[in-house]
Amino acid sequence: ERSMSEIESVSDEELTRIAKGMEEKKAEAVPQKPYMIFEVGEVVQESGLPGVKYDFNYGARVTVPQGEYRVKLIDRSACLTVYDAPASGVMVTSSKKNFVDFRIEVYEEDKLIFAHDLDLKGKKVLIKFPTGILGDILAWFPYAEEFRKKHQCELYCALAEDMAELFKAGYPNIHYVKPEERPEGLYASYYLGIFFPCGDRMHQPSDFRVRGLHKNAAMILGLDEGSEPKDISIKLLPKDKTRKIKEPYVCIAAQSSSQAKYWNNGAGWLNVVKHLKEKGYRVLCIDRENVYGMNSRFNIIPYGAEDFTGKLPLQERIDLLYHADFFIGLSSGLSWVANGVGIPVVLISGFTLPFNEFATPYRVINYHVCNGCWNDTQVVFDHKDFEWCPRLKGTDRQFECSRYITPEAVNKVIDKLMADYQLDPLAPKQPAPDKAASAEAESIASAAINKTTAAKTTGKAKKARIRK
């Protein structure tokens, strides 16, 4: 069993060693793979006419032989012809690659010879995800299942194998394939992501900055039904439900991929960890790195937290989170993991607006200062700038969106959460009753439950932890 230690301090020598190691890793790093590879293959669906084939892989596609042909592409939902032009010995494809309820019509010398309405029921459909990211995939995956249920299709999801393993138990009706694998005979395929430039309307029907991270997937898959898509959270199931830590504990994650995502209040985590300990909790930091940063900025594991960091399988994180009373994190991947496990999440973020993430009543943001730049359509996120702060970089107000989120504000939200869920680690434990008393209590409780179920109740229901 791994040893657990409380982080007291990190020496200057240790920080220098870590920074040097990170620079060396950066120099040796292999070039990153493209965010998304669109390998669509040949048009495969036979029309029954010589030389005419069609499918919906990366948009509506139809091939016609040499001759006097005309192709129409119609959006059936909008009742609008989006393409109508002569074609001879070519493949015609729609500019829109997201889900559209297409109708394909082929004319020869102005006579309709072939028509097909998109119908995914029972068909092989592929949804492809980017690789190398965590939170985005967790945000999008439940919409793939919603898509499968809506269209009753034979759905294949192409994604990293470690992510697929997390989803198989909760989503057994989906077929999982490797990122670059394409099943034969695909009728349609769709590609999920947040696509830059933000004005890209080939791959996403609207600006992801005004939709929110998770709902962009719903828009791409046509799950908006003409209005705002509904919130759906990922379902992550523990593999080992054995509780390894007997004391009550809370998990936190303080690291992220960009400085704007951090809680940049110098006293923030220090006071929150202290507050949690005073409440009777062990505080476990489950980040991948205990120190992370770039250039002149490095972020250290919160003082006083127990170091559970490391490059561990996500399934182990899920198993650990399953028994945590709650989680505190940022607008980053591990917050989505905790939400998927079903525990309450305190989410601290100033650079995103609350609609950008999953809904939680324990969201912390300060509207008195600059905020929400990620969701501002006037600015564009720079992936290469770790210190990105589009409005205030280089001024004494840089990152004020999170610097002015006070530890007192976060602790107040923590106290509310604990009250809502009636959490009190310091409360004296009741002695276990003897068998006879236990049986009697069980009988009384059963009768009470039956009575409550039958009765018509009013008032606010007591909140309870949801275990999936």
Side-chain angles (χ1 to χ4, degrees), residues 32-38 98-99 125-148 155-182 189-196 203-204 208 211-221 223 229 231-239 253 255-258 261 286-288 311-318 321 327 329-342 345 347 349 352 356-360 374 381 383 468:
Q32 288 188 340
K33 290 182 180 179
Y35 179 73
M36 176 64 75
I37 298 175
F38 304 99
N98 53 277
F99 176 87
V125 178
L126 175 72
I127 294 179
K128 187 172 180 179
F129 295 81
T131 57
I133 50 180
L134 174 60
D136 300 23
I137 308 298
L138 297 175
W140 299 330
F141 197 82
Y143 292 100
E145 171 68 358
E146 192 73 7
F147 182 87
R148 183 195 68 79
L155 181 61
Y156 293 79
C157 285
L159 70 168
E161 292 179 76
D162 58 339
M163 297 298 291
E165 288 303 314
L166 298 181
F167 302 147
K168 285 178 179 177
Y171 303 91
N173 296 314
I174 291 175
H175 303 281
Y176 298 87
V177 297
K178 294 177 182 178
E180 303 311 325
E181 188 178 344
R182 286 185 63 81
S189 55
Y190 303 99
Y191 298 80
L192 297 188
I194 49 173
F195 296 100
F196 289 84
H203 300 100
Q204 55 201 2
F208 61 83
R211 291 294 178 187
L213 177 64
H214 51 318
K215 290 184 179 179
N216 198 52
M219 296 299 296
I220 291 171
L221 296 175
L223 298 172
D231 281 296
I232 311 174
S233 289
I234 191 72
K235 179 171 57 177
L236 299 174
L237 302 178
K239 188 172 283 185
Q255 305 286 6
S256 198
S257 56
S258 173
K261 296 183 180 183
I286 62 171
D287 284 304
R288 180 171 174 169
K311 189 179 178 181
L312 301 176
L314 278 171
Q315 188 60 59
E316 290 188 24
R317 297 303 192 198
I318 291 169
L321 284 164
F327 173 85
L330 314 171
S331 179
S332 58
L334 284 169
S335 292
W336 290 89
V337 174
N339 182 60
V341 173
V345 175
L347 200 157
S349 179
T352 59
N356 192 69
E357 300 90 17
F358 54 87
T360 170
W374 171 261
F381 180 64
H383 297 81
K468 298 175 182 176

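Between Asp231 and Lys215 there is a side-chain heavy-atom pair separated by less than 4.5 Å.
Between Phe129 and the choices Tyr35, Tyr156, Phe141, Trp140, the ring-ring contact (aromatic ring centres under 6.0 Å, His included) rule is met once, by Phe141.
How far NE2 of His203 is from CG of Asn216: 12.5 Å, rounded to the nearest 0.5 Å. Here Trp374 contributes atom CH2 and Leu213 contributes atom CG; the two are 7.5 Å apart, rounded to the nearest 0.5 Å. Atom-to-atom distance recorded for Ile37:CD1 and Thr131:OG1 is 8.0 Å, nearest 0.5 angstrom. Summarising the geometry, atom CH2 belonging to Trp336 is positioned 11.5 Å from atom CD1 belonging to Ile137; distances are rounded to the nearest 0.5 Å. The distance from the OG atom of Ser233 to the NE2 atom of His214 is 7.5 Å, given to the nearest 0.5 Å. Of the inter-residue distances, the one linking Leu223 atom CG with Glu146 atom CD reads 6.5 Å to the nearest 0.5 angstrom.
Residues Pro179 and Ala158 approach most closely at O-CB, 3.8 Å, considering heavy atoms. Nearest heavy atoms, Arg317 versus Asp287: NH2-O, 3.4 Å. Considering all non-hydrogen atoms of both residues, Tyr191 and Ser189 come closest at OH-OG, 3.7 Å. Counting all heavy atoms, side chain and backbone alike, Arg211 lies closest to Pro229 at NH1-CD, 4.4 Å. Of all the heavy atoms in Leu334 and Ile286, the pair that sits closest is CD1-O, 3.5 Å. Among all heavy-atom pairs drawn from Ile174 and Cys157, the shortest one is CG2-SG, 3.7 Å.
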Tabulate below the donor-acceptor pairs under 3.5 Å that side-chain atoms of residues 162-173 make, not counting sequence neighbours, or state none.
from: Glu165; atom 1: OE2; to: Lys168; atom 2: NZ; distance (Å): 2.8
from: Tyr171; atom 1: OH; to: Lys235; atom 2: N; distance (Å): 2.9

Stepwise side chain to side chain contact (heavy atoms under 4.5 Å, CB included) check, Tyr190 with Leu221: CA-CA 7 Å; Tyr190 303 99; Leu221 296 175; 4.0 Å; yes
Residues Leu236, Leu314; criterion side chain to side chain contact (heavy atoms under 4.5 Å, CB included); working and verdict: CA-CA 10 Å; Leu236 299 174; Leu314 278 171; over 6 Å; no
Worked check of side chain to side chain contact (heavy atoms under 4.5 Å, CB included) between Lys239 and Ile318: CA-CA 8 Å; Lys239 188 172 283 185; Ile318 291 169; over 6 Å; no
Criterion side chain to side chain contact (heavy atoms under 4.5 Å, CB included) on Tyr143 and Ile127, from CA distance to verdict: CA-CA 10 Å; Tyr143 292 100; Ile127 294 179; over 6 Å; no
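Of the possible donor and acceptor atoms, one in the side chain of Gln204 sits under 3.5 Å from a partner among the backbone N and O of Phe195. Without hydrogens or angle criteria, Thr360 side chain to Val345 main chain gives a donor-acceptor distance under 3.5 Å. Side chain of Ser335 to backbone of Leu330: a donor-acceptor contact under 3.5 angstrom is found.
Checked against the 6.0 Å centroid threshold, Phe196 and Phe381 do not count as a close aromatic pair.
There is a side-chain donor-acceptor pair under 3.5 Å between Glu357 and Thr352.
Remark: Glu316 pairs with Leu312, Pro313 by the side-chain contact (heavy atoms from CB on, under 4.5 Å) rule, at least two apart or across chains. The salt bridge (charged side-chain N to carboxylate O under 4.0 Å, His left out) check on Arg182 picks up nothing, with sequence neighbours excluded.
The residues Lys128 and Glu181 are annotated as not salt-bridged, no charged nitrogen and carboxylate oxygen being separated by less than 4.0 angstrom.
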